[in-house]
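This structure is a prediction, so every number in the text was calculated from the model and none was measured.
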Amino acid sequence: MLVTTTNSIEGKKVVKYIGLVSGETIIGANIFKDLFAGIRDIVGGRSGSYEQVLREGKDTAINEMQQYAAAMGANAIIGVDLDYETVGSGGSMLMVAATGTAVIIE
């Protein structure tokens with residue numbers, strides 16, 4: 001299934017707009033990731049463990065959104081937006097939401 005952040009797809013015609021679809025996930029970061037990320041904050045550098053959590057959250061939310069779109073008969077999703085928020089006590093969990101418009105393209 002084609003998934004894009006744009007509202008149109010070059011060379012393709014949207015023949016039917018089906019409706020809004022979304023996918024959400026909430027992922028917790030464990031204490032070891034927090035510890036190593038804290039060390040990285042002190043010495044500098046990227047936090048690979050948190051980057052992996054972000055990727056997993058994005059992939060899961062997009063996959064869920066695609067499943068809903070496919071169940072509605074869509075073959076593409078346009079206008080996709082990704083939102084990231086921290087939730088839980090002390091922001092210990094990451095919520096990722098993916099939303100877009102399910103369409104049929106030729």
Side-chain angles (χ1 to χ4, degrees):
M1 176 173 296
L2 183 59
V3 178
T4 180
T5 59
T6 61
N7 292 320
S8 62
I9 302 166
E10 188 174 342
K12 301 288 183 182
K13 181 179 177 184
V14 174
V15 294
K16 183 176 182 182
Y17 290 85
I18 297 175
L20 180 68
V21 287
S22 65
E24 302 83 17
T25 188
I26 296 178
I27 298 175
N30 69 36
I31 190 167
F32 298 111
K33 288 180 185 176
D34 289 341
L35 175 66
F36 291 121
I39 292 170
R40 289 259 191 224
D41 287 343
I42 294 168
V43 298
R46 295 171 60 170
S47 175
S49 58
Y50 276 128
E51 289 173 357
Q52 182 61 32
V53 169
L54 284 171
R55 278 190 293 277
E56 287 175 18
K58 174 190 64 97
D59 291 345
T60 302
I62 290 173
N63 287 337
E64 184 176 294
M65 180 180 63
Q66 287 177 301
Q67 290 175 8
Y68 286 126
M72 297 168 73
N75 64 358
I77 305 171
I78 61 174
V80 173
D81 181 53
L82 294 171
D83 291 309
Y84 298 86
E85 295 287 333
T86 55
V87 295
S89 61
S92 62
M93 302 187 85
L94 174 70
M95 179 184 76
V96 182
T99 57
T101 303
V103 297
I104 297 176
I105 57 174
E106 20 176 62

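Residue Lys58 holds its NZ atom at 7.5 Å from CG of Leu82, rounded to the nearest 0.5 Å. Distance CG/Leu20 to OG1/Thr101: 6.0 Å, rounded to 0.5 Å. Note that the OG1 atom of Thr60 and the CD1 atom of Ile26 stand 12.0 Å from one another [nearest 0.5 Å]. Going from atom CE of Met93 over to atom OG1 of Thr86 covers 11.5 Å, rounded to the nearest 0.5 Å.
Residues forming a side-chain contact (heavy atoms from CB on, under 4.5 Å) with Ser8 (at least two apart in sequence, or on another chain): none. Taking Ala61 as the reference, Thr25, Val96, Ala98 meet the side-chain contact (heavy atoms from CB on, under 4.5 Å) condition, with sequence neighbours excluded. For the side-chain contact (heavy atoms from CB on, under 4.5 Å) test, residues two or more places apart in sequence or in another chain that qualify with Glu106 are Lys13, Val15. Remark: Thr5 pairs with no residue by the side chain to side chain donor-acceptor pair (under 3.5 Å) rule, at least two apart or across chains. Remark: Glu24 engages Ser22 in a side chain to side chain donor-acceptor pair (under 3.5 Å) (not counting sequence neighbours). Here Leu2 pairs with Ile9, Ala76, Ile105 under the side-chain contact (heavy atoms from CB on, under 4.5 Å) rule; sequence neighbours left out.
Val80 and Val14 fall into different hydrophobic clusters, where Ile, Leu, Val, Met, Phe, Trp and Tyr side chains are chained together by heavy-atom contacts under 4.5 Å. Residues Tyr68 and Val3 share a single hydrophobic cluster, defined by chaining ILVMFWY side chains whose heavy atoms lie under 4.5 Å apart. Tyr17 and Val21 fall into different hydrophobic clusters, where Ile, Leu, Val, Met, Phe, Trp and Tyr side chains are chained together by heavy-atom contacts under 4.5 Å. Transitive grouping of hydrophobic side chains (ILVMFWY, heavy atoms separated by less than 4.5 Å) keeps Ile62 and Ile78 in distinct clusters.
Of all non-hydrogen atoms in Glu56 and Ile27, the two that sit nearest each other are C-CD1, 4.0 Å. In terms of heavy-atom proximity, Met1 sits nearest to Ala70 at CE-N, 3.7 Å. Shortest non-hydrogen contact noted between Ile104 and Asn75 is CA-OD1, 3.2 Å.
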